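The next block holds one structure in the form of structure tokens; read it before the comments.
When a ligand or atom number is given, it counts from 1 through the structure's own listing order. The structure presented is a predicted model; accordingly, all values stated were derived computationally and were not measured.
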Amino acid sequence: MMKMNFPVEKTVRARQSIRSYQETPIPAEVISKIRSYMEELTNPFSVEVSLHLLEKNVTSNGEKLGTYGVIKGASHFIGASVAPCELGLEALGYSFEKLILYITSLGLGTCWLGGTFDRSAFSSAMKRNPDEFFPVISPFGYAQEKKRMLESMMRFVAKSDQRQEWSALFFEEDFAHPLTQAAAGDYAFPLEMLRLAPSAVNKQPWRVVKSNGHFHFYKIHSEKESKLGIDIQRTDVGIAACHFHLSAQERDLIGHFTRLKNPILQAPGLDYLFSWVKE
Ligand SMILES: Cc1cc2nc3c(=O)[nH]c(=O)nc-3n(C[C@H](O)[C@H](O)[C@H](O)COP(=O)(O)O)c2cc1C
């Protein structure tokens, strides 16, 4: 039996968006580990997420697939798709991030791409079902030691090395009272790992409120969906749920995710998504 687990904190802290890759080939056994991991991947939202792996970024007629100059040197890509449904994009965010963290634990770099890639070329190369949403892909490979100027600029503009403070993200009973690390108790660790999660343009749209020992997940309301009907921030909250869940599992904190029919709090500018219910 292959060992599929990884240390959560070390892996979460090691992950960073990598946009420049070495030409060094990835050994076949590493690719096969990734394939096995993809086959076994599940998410707690009971939604089927399709994962795709592309070993050469060329189409059948030899054309190179584009990332608009953002990614350099990568020849391996993963992608994810999901049928439009309740908590579908959240489940996709969860599953894809779990795969990204596994790949990170193998010593490889990755970079979530929701915008800067040629969606239709990757879509046909990955042979995804056209009825499904196809919001993201990621290259993977060995990172170049030195970042390119464009890459450093992108990190600077998105403030990629920074995250918002606890007081802006986590709340107690209502959105007027910030949750302290002390009041979070055992859950300070899952919440801190959640805070380090990646998000599109580093927006960090997740908000969590603790009430009666349970944790309710919200996202900042997005004014518009993309023209493809995809609200990428729902994916971001799925990523956050992944970091939270893996950390909770590692510390034996028992609970499950569910979408409550009547969420306890409605807040202007925030959309309720799901809750972590302690058992
Ligand atoms: C859903 C999602 C979509 C993203 N889309 C892009 C993208 O299109 N192009 C890009 O260069 N980076 C993209 N990123 C990377 C973010 O900019 C990056 O995660 C964020 O700035 C935090 O930096 P870090 O990943 O190094 O921690 C995306 C990240 C996420 C989670």
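Phe117 has its ring centre no less than 6.0 Å from the ring centre of Tyr68.
Set against the non-hydrogen atoms of Val70, the atoms of ligand 1 under 4.0 Å away are 11 (O). Of all the atoms in ligand 1, the ones that sit under 4.0 Å from a non-hydrogen atom of Asp236 are 1 (C), 31 (C). Of all atoms in ligand 1, listed by their number and element, those nearer than 4.0 Å to a heavy atom of Gln16 are 26 (O). Each of the following atoms of ligand 1 lies closer than 4.0 Å to a heavy atom of Ile239: 31 (C).
Judged by distance alone, the side chains of His216 and Ser211 never bring a donor and an acceptor atom under 3.5 Å apart.
Protein heavy atom nearest atom 6 (C) of ligand 1, with residue, atom name and distance: Trp112 O, 3.2 Å. Ranking the protein heavy atoms by distance from atom 9 (N) of ligand 1 puts Thr116 OG1, 2.9 Å first. The nearest heavy-atom contact from the protein to atom 21 (O) of ligand 1 is Ser160 OG, 2.7 Å.
If you run side chain to side chain contact (heavy atoms under 4.5 Å, CB included) between Ile78 and each of Val136, Ile137, Ile103, Thr110, only Ile103 comes through. When Glu55, Glu40, Glu29 are each tested for a salt bridge (charged side-chain N to carboxylate O under 4.0 Å, His left out) with Arg35, only one passes: Glu55.
Ring orientation note: the planes of Phe215 and Tyr187 are tilted relative to one another, at an angle of 30° to 60°. The aromatic rings of Phe244 and Phe257 sit tilted, their planes meeting at an angle between 30° and 60°. Ring pair His245/Tyr94 is tilted by interplanar angle, where 30° to 60° counts as tilted.
The closest heavy-atom contact to atom 17 (O) of ligand 1, among the options Lys203, Arg155, Met154, Arg19, comes from Arg19. Of the listed residues (Gly238, Ser17, Gly114), the one carrying the non-hydrogen atom nearest atom 5 (N) of ligand 1 is Gly114. Residue nearest to atom 20 (C) of ligand 1, selected from Ala158, Ala200, Ser199, Pro198: Ser199 (by heavy-atom distance).
Residue-ligand proximity: Arg15 is placed with a non-hydrogen atom under 4.0 Å from ligand 1. Residue-ligand proximity: Arg163 is placed with a non-hydrogen atom under 4.0 Å from ligand 1.
Annotation: cation-pi geometry not satisfied between Arg207 and Phe175 (NZ/CZ under 6.0 angstrom from ring centroid, within 45° of ring axis).
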